[in-house]
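We count ligands from 1, going down the list as the structure has it; atoms in each ligand are counted the same way. All values derive from a computational prediction rather than experimental measurement.
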Amino acid sequence: MGQPTKISPVALSKLAKLGIHQRADLLLHLPLRYEDETHLAPIASVQPGETVQVQGVITLSEVAFRPRRTLVCRLEENSHELYLRFLNFYPSQQKQLAVGKQIRAIGEVRMGHYGLEMVHPKCRAVDSDTPLQQSLTPVYPTTAGLSQPTLRKLIFNALETLPLSDTLPDALLKKLKLADFAASIQILHNPTPDIAASTLEQRSHSAWRRIKFDELLAQQLSMRVHHRERSKRIAPKLAAHQNLTERLIKDLPFVLTKAQQRTFAEISHDLAQPHPMQRLLLGDVGSGKTIVAALAALQAIENGYQVALMAPTEILAEQHYLKLRDWLAPLGITPVWLSGSQKKKEKQLAAEHIASGETLLAIGTHALFQQQISFHKLGLAIVDEQHKFGVQQRLALRNKGKFAKSVRPDPSAELRTEGVVEGQGFTENVARQAHTHGVQEPLRGHERPDEPASNSNEPHQLMMSATPIPRTLAMSYYADLDVSVIDELPPGRTPVITKLVSDERRDEVIERVRAACMEGQQAYWVCPLIDESETLQLQTAIETDESLRAAFPELNIGLVHGKLDNAEKARVMVAFKANELQLLVATTVIEVGVDVPNASLMVIDHAERMGLAQLHQLRGRVGRGAAQSLCILLYQQPLSELARARLKIIFESTDGFAIAQHDLQLRGPGELLGARQSGVAMLRFADISADEDLLNQARQAADELLRDYPNAARAHLQRWMANKQDYLHV
Ligand code: ADP
Ligand code: MG
């Protein structure tokens with residue numbers, strides 16, 4: 001075995017972004033695909049659509065300026081030629097690709113302006129006798145600032161220096177005809193020349209099957225362990241007295257949809273149990289989750305318990321506050337408002353009311369779970385748009401309700417600060433994490449007398465999300481949560497019409513906005529997303545606002561963006577809601593939850609930069625009233641393949657669940673649910689629809705392991721879940 005390489009702090013932070021927190025995680029960071037650098041295709045034979053490696057001599061290398069600055073090179077081999085084009089390039093690259101250089105290039109061939117070309121191929125200078133690679137080259141998922149070669153080196157070093165012991169007993173492997181773990185991992189990182197690339201790409205190779213099985217098994221094990229553990233924890237029984245809830249339902253200006261009734265019944269049943277509810281309420285934008293949350297709150301209040309309702313942004317929290325205040329005032333319940341932007345005195349007063357129990361319903365932002373806030377008797381914590389919150393924040397809120405003799409240390413804090421440790425600390429860290437994170441404890445099968453969980457009382461939790469994922473996926477991905485789905489919209493909504501408009505026709509769009517606003521409608525103008533820089537994003541928003549003000553001198557225009565102070569933000573939103581402003585220029589801060597039924601037109605500038613979920617959420621801001629709504633997606637050409645696919649989907653579908661399904665195909669589940677950020681245990685490799693057979697095997701194997709091989713189960717969870725185990729408990 002070799003020596004583990006030192007990892008620089010910068011690389012560590014990049015690795016953390018990829019979900020790699022300890023050296024062993026590198027082993028399970030598997031290639032996305034492979035590049036075939038094992039042979040050369042003659043330039044004479046290449047066809048558009050193929051991804052190939054070619055070699056030749058540069059016979060032209062120049063910078064073109066139209067339509068945009070591009071480095072264009074011509075590669076010649078036996079008087080056949082292929083163009084290489086680079087839209088972004090460095091002087092060093094230009095030097096590398098100078099006339100006369102011999103180059104090996106790998107990329108996808110397409111038909112371009114000059115003939116056959118490769119755009120942004122991977123190039124390297126070679127001699128006539130530079131050898132070809134012996135095996136396929138793995139390409140790993142990575143993040144900006146961490147290059148493939150660096151990542152590859154780290155992974156290969158981990159393969160050489162870490163033990164690859166099998167976590168599963170031989171008997172089980174034989175019975176299920178599964179490949180050996182070590183061999184599988186080696187093959188996937190470093191396939192031998194005899195393996196067909198297609199079996200790797202399609203993930204049908206036995207090595208892939210083994211890894212997918214392992215992943216599914218870990219998920220099944222953790223679900224069982226966690227379920228066992230949750231049913232040992234204690235929460236207040238909040239029975240349905242149907243006193244306040246019935247009155248609210250009667251007073252509403254609308255009738256609950258069937259889906260709202262059903263989901264509330266599910267929640268109501270859970271609240272009455274002596275174990276903590278952990279339920280996710282999934283419902284598309286505008287499906288009416290807020291009223292269901294209000295009813296859940298009332299059931300807790302009927303029992304004399306407090307409720308905390310938390311939203312990720314000040315705008316949204318305030319909107320909830322105003323809405324619930326209106327709904328609940330006739331029942332004699334006054335919510336208290338708590339946010340970071342409040343004056344110290346107001347905050348103090350709110351905190352006192354929460355601590356004394358005088359306040360039964362506290363609504364606010366993450367200010368609600370700061371240290372100085374303590375609840376008298378918290379029975380239910382509701383978290384809206386839960387995917388926007390960090391795990392740590394949700395853990396903190398859960399702990400608010402505990403009146404434990406000894407409170408477990410917040411394990412995620414430790415994970416955050418110590419999760420990535422340089423050098424050999426990694427291994428020790430795994431052991432420590434596995435211990436503190438309870439990977440071992442729940443498997444013991446009996447409780448320790450000092451187990452704090454069973455002595456403490458914790459609140460029920462209701463999480464809400466508009467991330468519309470198919471129900472079966474939700475159940476699998478949110479492993480341990482119970483899921484309720486609102487699968488119908490309130491009646492009387494007219495579906496939003498979506499138009500795709502090229503930026504060249506921006507003037508027409510501007511006229512359209514003017515006409516709509518002059519007719520009494522209200523409109524949103526969503527500013528371009530600029531991922532790399534908040535400053536640039538802000539600048540763009542301000543510029544957009546200025547140019548629209550110039551275009552529409554007759555309209556009242558408001559601007560909201562993330563950098564605005566909260567009072568100012570609220571002022572603009574209130575004015576828009578009151579129809580004092582006709583046009584709201586906004587960054588994506590309005591993505592979550594803002595509800596202005598009279599707004600029926602939305603323009604999304606540079607829609608090609610946004611993700612599907614984001615576009616869907618944004619579009620959900622219109623179509624809330626009875627008027628026909630329109631969403632215009634302004635896009636800038638040329639479109640990347642991915643952007644084109646996204647725009648097509650959003651154009652063709654308004655069904656959040658269908659969109660999510662496509663998103664899943666385009667991006668994979670990790671991205672879809674923001675798994676890396678939210679820490680939800682997710683499947684990275686297995687696909688529960690395609691790998692149903694493996695899932696069934698994993699289900700059975702999980703029971704068998706827990707019964708007959710608890711040590712193997714523990715080792716397996718440690719390998720796969722050391723980072724995630726605690727997140728499952730949130
Ligand atoms: P979301 O699920 O996106 O949070 P909201 O709870 O904000 O949706 O509801 C969207 C709008 O629909 C609100 O104005 C709400 O008052 C209204 N609404 C909710 N339920 C119904 C219903 N059953 N019938 C009619 N309107 C409803
Ligand atoms: Mg909402």
Side-chain angles (χ1 to χ4, degrees), residues 245 248-265 267 279-298 309-330 335 363-365 382-389 462-469 474 483-496 522 524 573 576-579 588-600 602 613-627 629 654-657 659-660:
T245 48
L248 174 60
I249 291 172
K250 238 181 32 239
D251 287 352
L252 285 174
F254 50 76
V255 179
L256 293 180
T257 62
K258 283 235 162 54
Q260 285 170 321
Q261 293 173 22
R262 175 176 41 76
T263 49
F264 174 56
I267 294 164
R279 191 169 274 279
L280 175 68
L281 178 61
L282 269 181
D284 209 344
V285 223
S287 60
K289 294 185 288 294
T290 318
I291 183 65
V292 177
L295 290 168
L298 283 180
L309 168 57
M310 182 166 87
T313 66
E314 193 111 358
I315 292 181
L316 189 54
E318 179 158 38
Q319 192 174 282
H320 282 328
Y321 170 71
L322 296 172
K323 193 163 237 172
L324 268 75
R325 197 181 58 180
D326 287 352
W327 278 340
L328 305 189
I363 301 178
T365 57
I382 305 174
V383 183
D384 196 10
E385 308 292 349
Q386 60 97 24
H387 56 287
K388 299 268 167 183
F389 283 99
L462 176 63
M463 287 147 272
M464 304 198 282
S465 176
T467 303
I469 58 172
V483 181
S484 291
V485 183
I486 305 189
D487 52 8
E488 67 181 316
L489 291 179
R493 304 257 169 93
T494 27
V496 179
Q522 286 173 278
Y524 295 100
M573 288 313 298
F576 187 59
K577 233 177 164 158
N579 203 355
T588 48
V589 295
I590 60 155
E591 182 194 338
V592 276
V594 175
D595 187 31
V596 182
N598 191 48
S600 58
M602 170 170 287
Q614 194 165 36
L615 287 169
H616 179 67
Q617 288 264 329
L618 283 168
R619 184 171 58 181
R621 302 302 114 218
V622 291
R624 301 195 147 224
S629 291
T654 52
D655 173 355
F657 289 86
I659 291 170

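Ligand 1 lies nowhere less than 4.0 angstrom from a heavy atom belonging to G283. For D284, the heavy-atom gap to ligand 1 drops under 4.0 angstrom.
To the nearest 0.5 Å, atom CZ of residue R279 and atom CE of residue M463 are 10.0 Å apart. From W327, atom CH2 reaches atom CG of L298 across 10.5 Å, with rounding to the nearest 0.5 Å. Separating the CZ atom in R621 from the CE atom in M602 is a distance of 7.5 Å, to the nearest 0.5 Å.
In terms of polar-atom proximity, defined here as any N/O pair under 3.5 Å, V285 makes no such contact with ligand 1. Looking at ligand 1, you'll find an N or O of Q260 within less than 3.5 Å of one of its N or O atoms. Geometrically, ligand 1 and F254 share no nitrogen or oxygen pair separated by less than 3.5 Å. Between G286 and ligand 1, at least one pair of N/O atoms sits closer than 3.5 Å.
The closest donor-acceptor contact from the side chain of Q617 to the backbone of V285 lies at 3.5 Å or more, if one exists at all. A donor-acceptor pair is defined here as one N or O able to donate and one able to accept, closer than 3.5 Å; no such pair exists between the side chain of K577 and the backbone of V596. No donor-acceptor pair closer than 3.5 Å links the side chain of D384 to the backbone N or O of M310. Using modelled atom types, no side-chain atom of S600 and backbone atom of S629 make a donor-acceptor pair closer than 3.5 Å.
Around atom 15 (C) of ligand 1, the closest heavy atom drawn from Q261, K323, Q617 belongs to K323.
When each of I486, V383, I382 is tested with M464 by the rule side-chain contact (heavy atoms from CB on, under 4.5 Å), just one qualifies, namely I382.
No part of M464 comes within 4.0 Å of ligand 1, judged by heavy-atom distances. Neither the backbone nor the side chain of I486 has any atom closer than 4.0 Å to an atom of ligand 1 (non-hydrogen atoms only). Proximity of D384 to ligand 1, defined as any heavy-atom pair under 4.0 Å, is not found for any part of the residue.
Those atoms of ligand 1 that come under 4.0 Å of a heavy atom in T257, given as number and element, are 23 (N). In summary, the atoms of ligand 1 found under 4.0 Å from a heavy atom of P490, numbered by their order in the structure, are 20 (N), 21 (C), 22 (C), 24 (N), 25 (C), 26 (N), 27 (C). Ligand-side atoms of ligand 1 in range of V255: 22 (C), 23 (N), 24 (N), range being under 4.0 angstrom from any heavy atom. Within ligand 1, counting atoms from 1 as listed, the ones closer than 4.0 Å to a heavy atom of T290 are 4 (O), 5 (P), 6 (O), 7 (O). Counting the atoms of ligand 1 from 1 in the order shown, those under 4.0 Å from a heavy atom of R624 are 3 (O), 7 (O), 10 (C).
By the side-chain hydrogen bond (donor to acceptor under 3.5 Å, both in side chains) test, T257 pairs with Q260, sequence neighbours left out.
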